[in-house]
2 protein chains.
Amino acid sequence: MAMGRPRAFDADAALDQAMEVFWRHGYEGATIAQLTEVMGINPPSLYAAFGSKEGLLKAALDRYSAKRACWMEEIVSAPTARGVAERMLIGTADTQTDPANPPGCLLVQGGLACGTGSANVPFELAAHRAQTENQLRERFVRAKAEGDLKETADPAALARYLSAVIAGMGVMASSGADREALRQVAAVSVKAFEEQSNS
Amino acid sequence: MAMGRPRAFDADAALDQAMEVFWRHGYEGATIAQLTEVMGINPPSLYAAFGSKEGLLKAALDRYSAKRACWMEEIVSAPTARGVAERMLIGTADTQTDPANPPGCLLVQGGLACGTGSANVPFELAAHRAQTENQLRERFVRAKAEGDLKETADPAALARYLSAVIAGMGVMASSGADREALRQVAAVSVKAFEEQSNS
DNA sequence: TCCATAATGTAGTGAGCGCTACAAATGTGG
DNA sequence: CCACATTTGTAGCGCTCACTACATTATGGA
């Protein structure tokens, strides 16, 4: 069996470039012309590798999540729920204002509302956001079992709360909020956790 | 001087319909065909009245803000900063899940990131969001002067915090979070204010 | 009544979109 | 070296986009 001509570009490197375009312009605002240019390939190569614009987005989202996985591991490894919240919020303030990336969060700016032809894109983003919320909830369930959170605390509500603040920080970062502003938000947010914690 | 043929449609009613389309599909996801259909007019009437798609969005945003103005008046008329926060958060949870409107907030889903041809749309939305934050900040400045907030409280940081939570709730609402979920977020968020309040 | 003015409905315009047909190029297995 | 499989670059497909030319219709003023 012959194997065919080998791919001449690095798919992961190309995905990183595509990710940034989706991040900066949103799914609908990103054009195939822009994407192929930054990826350094031509449209047929893009479609052969990823199937469609939406397929490319999914691949970029998966890579985005994969890159964040180890970061999240370190977050939830904090000893207390309060520590998890603090690391998560401060870390988010920093990453969402990291000049190496577009401001904000791809999972928020990628597209909250799309046209009829891209109706499932918002769901895709929401599914990836839910992953983070689930990780946090599970961590807080554990924290409650360990007596780290009060008996009256609701792990699901706390995880949802953190998710909301993180998404909100993404919105603010996308419109120019600087790192200091987001850290202030993080600092206030953490205080809601102190009421839920023992010690 | 002759006055010309009078307009055959109600501009405000048409704006309400357009607002909903932008709300549900975002600026770029909304098409002129969709807009003219729900507005009950033809493209020339739209362009005669609003100049362009972006002009229509601006008019819709202004109407959106005008509709919220009296609502906001009632919010900031609460006697204490904590009361303001509580009314704001619970009220937001309810309005963002009001079945009479698309879920979430037009100022968030309208478009956080757009293509190169619509680059100033995100700024327009951000400017309108900033109005709310400014109202809250001014209210909290007053609350601090009245001794309602602690001496150590930062009114700007608290307003930013509320702004972030509200935006975050919009993100969650847009992806299907129900009223109960948003009220839980609101309840947790309010607790961050208890630390800042006297009494 | 007749003109000036402005909105309306019909029917498109050029431009840009996502996507692809096709042939040349580049690799592997026999 | 040859046949096969797959990618690549060129060029352009059909379609939808935001937007508009134009003739018509409806008003107010002289």
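Remember, predicted model here, so these are calculated numbers, not experimental data. Note on naming: letters A, B, ... go to the chains in the order of the sequence lines (proteins, then strands), and numbering restarts at 1 for each one.
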Donor-acceptor contact below 3.5 Å, side chain B/Glu74 vs main chain B/Trp71 = no
query = With a 6.0 Å cut-off on ring centres, are B/Tyr161 and B/Phe140 close enough?
reply = no
Using the 3.5 Å cut-off, write out each protein N or O paired with an N or O of nucleotides 25-27 of chain D and the distance between them.
residue, atom, partner, partner atom, Å
D/dT25, O2, B/Arg5, NH1, 2.9

Pairs under 3.5 angstrom only: tabulate donor-acceptor contacts from the side chains of residues 149-157 of chain B to other protein residues two or more places apart or in another chain.
residue, atom, partner, partner atom, Å
B/Lys150, NZ, B/Glu195, O, 3.0
B/Asp154, OD1, B/Ala156, N, 3.0
B/Asp154, OD1, B/Ala157, N, 3.3

ask   = Should side-chain heavy atoms under 4.5 Å link Ile, Leu, Val, Met, Phe, Trp and Tyr, which residues sit in the same cluster as B/Tyr27?
value = B/Phe9, B/Leu15, B/Met19, B/Val21, B/Phe22, B/Trp23, B/Ile32, B/Leu35, B/Val38, B/Met39, B/Ile41, B/Leu46, B/Tyr47, B/Phe50, B/Leu56, B/Leu57, B/Leu61, B/Tyr64, B/Leu106, B/Leu107, B/Val121, B/Leu125
ask   = Is A/Val141 isolated, or which residues cluster with it under the ILVMFWY side-chain rule of less than 4.5 Å, directly or via members?
value = none
inquiry  = Check the phosphate of C/dT8 against B/Ser45, side-chain N and O only, distance under 4.0 Å to OP1 or OP2. Yes or no?
reply    = yes
query = With hydrophobic residues grouped by side-chain heavy-atom distances under 4.5 Å, do A/Val76 and A/Val165 end up in a single group?
reply = yes
Could you check how far [atom1] of [X] sits from [atom2] of [N], rounded to whole Å?
X       : N      : atom1 : atom2 : value
A/Ile41 : C/dA25 : CD1   : P     : 21 Å
B/Leu57 : D/dA18 : CG    : P     : 13 Å
B/Leu35 : D/dC17 : CG    : P     : 11 Å
B/Leu46 : D/dC17 : CG    : C1'   : 14 Å
B/Asp10 : C/dA7  : CG    : C1'   : 15 Å
B/Asn42 : D/dC22 : CG    : C1'   : 14 Å

Base versus backbone protein contacts along nucleotides 11-22 of chain C [heavy-atom cut-off under 4.0 Å; B, S, -] = ------SSBBB-
query = A/Asn120: what forms a side-chain hydrogen bond (donor to acceptor under 3.5 Å, both in side chains) with it, not counting sequence neighbours?
reply = A/Glu54
key: Minimum-distance pair of heavy atoms, taken over all atoms of B/Phe193 and B/Ser197   = O-OG, 3.0 Å
key: Which atom of A/Ala30 lies closest to which atom of A/Gln34, heavy atoms considered   = CA-OE1, 3.6 Å
inquiry  = Counting the atoms with a prime plus P, OP1 and OP2 as sugar-phosphate, which does A/Phe9 contact under 4.0 Å by heavy atoms, base, sugar-phosphate, or nothing?
reply    = sugar-phosphate
